[in-house]
Amino acid sequence: MRARTNGWWSGLCGVVIFSGSLPATRLAVGGFEPLFLTSARAVIAALLGAALLRALRQSRPGRGDLASLAVVALGVVVGFPLLTALALQRVTSAHSVVFIGLLPLATAIFGVLRGGERPKPVFWLFSGLGSLCVAGFALFQAGDGSLDGDLLMVLAIMLCGLGYAEGATLSRRLGGWQVISWALVLALPVMAALALATLPAAWSGVDGAAWAGLAYVSVFSMLIGFVFWYRGLALGGIAGVGQLQLLQPFFGLALAGLLLGEPVAWTMIAATGVVVLCVAGAKRFA
């Protein structure tokens, strides 16, 4: 019982850390181009992950695990960070965080595709309702919305869901935090080359807020958050602790309002609430 309780607290810490990712990315894209931001955060996290793997003397993954690690890297190291950075040049973090409410659902759907699970028909009812809610919000939200930004967020969620589902399967063999660390190391050569190719022409225009955003997404969003998150899943159970991710949109909206001073309209809160309820129902019958 104590281990399960510790798992819930650890998972909650992970969700809170991830909730700061979009507001921090919003700050970072004010001073860095999306390609450099994506590659730089991956390089920093990969160096930290490699040091952690070496310090704890972790065994190298087998050759058969490399393809799965590449999928994880594509989803959570490259795809989600890059697409959200591009989206946040077009929409506010408060607007984009509503889409995060679909992330548990996307993870579950890819779990069905990758793991061969067969959820009950009610699952697809809740899935459809949640998707319609987000589509309606994206189409009718005025002011801070952008069709390009919304499409980028949808693609980001799809890739992240794929990376989470693949990583969850792989973590049964390698361990949770080891999966993200090895995925970062695998992507390091490409991301380092990209970082060098997209270095800013001048650093004088980068303010402290952008540096703080880069530091947060590199250290916390890209690595530390996964340490807490996967530890929570291991101790408390994937199905139970995974429900905590439904709280992420609420935390993200609160942070966007408190730290960035962005307006959080009641329609955003309502849409997020409906999406969370739909995802909770879908997960209940998965």
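These numbers come from the heavy atoms of this one structure, side chains and all, not from hydrogens, waters or symmetry mates. Just so you know, these numbers come straight off a predicted model, no measurement behind them.
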field: Heavy-atom side-chain contact between Val77 and Leu74 under 4.5 Å
entry: no
- request: Report the residues that fulfil side chain to side chain contact (heavy atoms under 4.5 Å, CB included) with Gln58, sequence neighbours left out, ordered by chain and then residue number.
  value: Leu53, Leu56, Trp177, Gln178
Between [atom1] on residue [X] and [atom2] on residue [Y], distance to nearest 0.5 Å:
X: Leu86; Y: Thr38; atom1: CG; atom2: OG1; value: 7.0 Å
X: Leu184; Y: Leu52; atom1: CG; atom2: CG; value: 11.0 Å
X: Met158; Y: Leu155; atom1: CE; atom2: CG; value: 6.5 Å

task: Answer yes or no: does atom OH of Tyr216 have more than 12 heavy-atom neighbours from other residues, nucleotides or ligands under 6.0 Å?
output: yes
Considering all heavy atoms of both residues, which atom of [X] and which atom of [Y] are nearest to each other, and what is their separation?
X: Trp182; Y: Arg60; value: CZ2-CA, 3.7 Å
X: Leu170; Y: Ser68; value: CD2-CB, 4.0 Å
X: Ala40; Y: Ser218; value: O-OG, 4.4 Å
X: Val91; Y: Gly149; value: CG1-CA, 4.1 Å

message: Under 6.0 Å between ring centres: does that hold for Phe18 and Phe226?
response: yes
message: Using ring centroids (six-membered ring only for Trp), state whether Trp211 and Phe32 fall under 6.0 Å.
response: yes
task: Check step by step if side-chain contact (heavy atoms from CB on, under 4.5 Å) holds for Val217 and Met222.
output: CA-CA 6 Å; Val217 296; Met222 200 83 265; over 6 Å; no
- request: Give the intermediate values and the outcome of side-chain contact (heavy atoms from CB on, under 4.5 Å) for residues Thr92 and Arg26.
  value: CA-CA 7 Å; Thr92 67; Arg26 176 72 171 177; 4.1 Å; yes
